[in-house]
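Whatever order the structure lists them in is the order used to number ligands and atoms, beginning at 1.
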Amino acid sequence: MDCADLQQALAAARNFSPQGADLGVSEIGVGNINDTFLVTGQGQTPFILQRLNRQAFSAPELICQNLDLLSRHLPAERIATLVPERRWAIPHLLASRQHTLWWCDSNQDFWRALSYIGDTITLPCLNSHAEAMEVGRALAIFHNLVREIAPDSLHVTIPHFHETPHYFQLYQEALAANPYGQPPAPMVACHDFISDHQDFITTLEDARARGELQVTTIHGDPKLANILFDASTHGACALIDLDTVGPGLLLYDLGDCLRSCCNPGGSSHELSLSRFDIDLCLAILQGYLEKGRHLLSRGDRKYLLTAIRLIPLELGLRFFTDYLTGCHYFKTACPEDTLQRATAQFRLVASIEEQLPSLEVKLNALLGIIDSTGE
Ligand code: GN1
Ligand code: MG
């Protein structure tokens with residue numbers, strides 16, 4: 001982020017500051033897609049400012065409309081009624097001085113402002129059973145809140161998001177456009193891994209097509225960095241980054257949360273750390289079941305293990321295809337990082353697969369599945 005970006009952010013911030021106060025902006029968060037800033041100033045309630053990435057979100061106004069709908073359904077008072085036992089918040093849009101929900105600058109960059117949820121921390125990785133259970137509770141609380149919102153009342157902000165066969169198709173198109181000759185070893189390993197999993201890629205979408213899994217309202221990106229914890233109590237108190245909230249399978253969220261939280265490598269993409277921690281997974285699910293047992297259908301239980309394996313495979317495929325096509329989607333300082341991220345996700349899948357029999361037994365015990373046909 002250079003000085004020009006900060007100047008641009010400052011100019012955008014002024015459009016969302018009613019007082020036109022003397023503002024300061026600083027970059028916050030570690031997102032792969034959008035640019036996020038914290039705006040502060042004398043007499044100004046701090047707020048979040050984001051420049052949405054038009055490469056990922058071709059119609060960013062749809063995101064703002066979704067957020068607006070979310071706030072109408074779930075104002076703070078309603079959240080307090082539905083989650084009386086703890087502090088909980090959902091970020092809401094702040095209107096611009098022109099009373100619009102977003103503001104575009106002369107570069108056609110798309111800016112929007114959100115309420116800032118203060119006195120919170122994020123966790124770089126999970127260090128205890130208690131933290132893991134809190135993650136599970138947080139996801140279930142979020143699912144309980146948004147299940148009041150009909151999935152088809154929300155816009156799809158990224159078409160085919162989390163439909164793994166779609167990403168496989170993009171990968172094949174990338175291959176067809178550029179045959180790559182004899183690629184270096186890390187690329188060969190990625191190609192081989194994908195090819196070995198070709199049949200597995202359609203499993204969730206096939207189950208959905210057969211009517212075994214139902215579409216509901218989901219978060220879309222419930223990774224660890226998107227969960228806020230109260231700074232004093234360390235209780236989870238918000239799920240942020242609502243750009244991909246929309247229709248989807250509950251299992252997309254569970255798979256994504258588990259791939260992010262159960263990898264002790266966290267977001268470092270350090271290959272030697274990339275593995276799947278079953279104990280963390282079980283603790284997260286225990287927390288989820290505590291608040292959301294009723295949310296899981298028979299199909300969700302049956303395909304949970306599939307989702308745990310598939311969502312990191314999908315993310316690896318997304319990173320790898322982005323690498324093959326020039327790294328235009330995920331922010332990166334160096335293309336080799338994107339390749340490394342792909343490799344880290346494939347290692348995570350391999351680690352899940354190495355532990356599959358034990359994971360299956362433990363999951364079935366936790367979910368109360370008696371035999372392979374499901375209870
Ligand atoms: C992206 O922008 P960020 O970091 O919240 C991506 C997610 C990935 C994640 C991997 C819209 O999320 O799907 O899981 O990177 N978001 C989008 O870290 O593609
Ligand atoms: Mg995100």
Side-chain angles (χ1 to χ4, degrees), residues 1 27-37 48-60 62-64 66-67 70 90-91 110 112 114 122-125 135 138-139 142 154-164 166-167 170-171 218-228 238-249 251-263 265-270 273-274 307-308 310-323 325 327-333 337-349:
M1 183 79 28
E27 202 184 2
I28 183 173
V30 288
N32 285 306
I33 310 285
N34 299 327
D35 297 318
T36 306
F37 305 86
I48 295 292
L49 176 73
Q50 282 186 307
R51 173 166 51 191
L52 297 193
N53 180 329
R54 286 185 185 271
Q55 175 78 24
F57 300 104
S58 56
L62 300 184
I63 297 178
C64 295
N66 279 354
L67 286 175
L70 220 61
I90 296 186
F110 188 102
R112 60 107 193 268
L114 289 165
T122 53
L123 300 176
C125 60
V135 163
L139 187 58
F142 184 85
L154 289 157
H155 298 292
V156 172
T157 57
I158 302 184
H160 310 294
F161 198 59
H162 288 312
E163 288 174 28
T164 317
H166 166 70
Y167 295 105
L170 296 182
Y171 164 72
I218 62 159
H219 181 281
D221 189 13
K223 59 183 192 177
L224 186 55
N226 286 339
I227 302 174
L228 298 186
L239 234 74
I240 56 169
D241 188 3
L242 306 175
D243 300 341
T244 48
V245 168
L249 302 180
L251 290 182
Y252 296 157
D253 270 2
L254 280 160
D256 199 53
C257 182
L258 293 168
R259 68 116 200 114
S260 152
C261 296
C262 303
N263 183 356
S267 58
S268 72
H269 306 293
E270 176 53 54
L273 294 176
S274 200
I308 292 174
L310 188 63
I311 299 298
L313 178 67
E314 174 186 285
L315 186 58
L317 194 52
R318 293 173 63 198
F319 279 134
F320 190 48
T321 306
D322 192 38
Y323 174 73
T325 52
C327 299
H328 298 299
Y329 187 91
F330 295 102
K331 276 197 247 171
T332 182
D337 281 354
T338 305
L339 178 59
Q340 181 142 333
R341 286 171 157 183
T343 307
Q345 291 305 313
F346 293 146
R347 292 228 176 146
L348 186 60
V349 178

>> So, taking the atom named CZ in Arg112 and the one named CG in Asp243, what distance separates them when rounded to the nearest 0.5 Å?
In response: 4.5 Å

> Taking atom NE2 of His162 and atom CG of Leu249, what is their separation to the nearest 0.5 Å?
Replying inline: 10.0 Å

>> Test of understanding: with side-chain hydrogen bond (donor to acceptor under 3.5 Å, both in side chains), list the residues that count as partners of His328, not counting sequence neighbours.
In response: none

> What residues form a side-chain hydrogen bond (donor to acceptor under 3.5 Å, both in side chains) with Tyr323, not counting sequence neighbours?
Replying inline: Glu336

Subset of ligand 1 atoms that lie under 4.0 Å from at least one heavy atom of [X]:
| X | answer |
| --- | --- |
| Phe57 | 11 (C) |
| Ile158 | 11 (C) |
| Asn32 | 1 (C), 2 (O), 3 (P), 4 (O), 9 (C), 10 (C), 15 (O), 18 (O) |

> Residues two or more places apart in sequence or in another chain: which of them pass side-chain contact (heavy atoms from CB on, under 4.5 Å) with Arg347?
Replying inline: Leu271, Ser274, Thr343

> Side chain, backbone, both or neither: which part of Asp221 has a heavy atom under 4.0 Å from ligand 1?
Replying inline: side chain

>> With a heavy-atom distance limit of 4.0 Å, tell me whether Asp241 approaches ligand 1 through its side chain, its backbone, both, or neither.
In response: side chain

Got a donor-acceptor contact below 3.5 angstrom from the [X] side chain to the [Y] backbone?
| X | Y | value |
| --- | --- | --- |
| Asn66 | Leu154 | no |
| Thr321 | Leu317 | yes |
| His219 | Ile240 | yes |
| Asp322 | Phe330 | yes |

N or O pair under 3.5 Å between [X] and ligand 1:
| X | result |
| --- | --- |
| Tyr329 | yes |
| Arg259 | yes |
| Ile33 | yes |

> So is Lys331 close enough to ligand 1, meaning a heavy atom under 4.0 angstrom away?
Replying inline: no

> Under 2.8 Å from the Mg ion (ligand 2), which protein N/O/S atoms are there?
Replying inline: Asp221 OD2, Asp241 OD2

>> Among Asp35, Asn32, Asn34, which residue satisfies the side chain to side chain donor-acceptor pair (under 3.5 Å) criterion with Lys331?
In response: Asp35

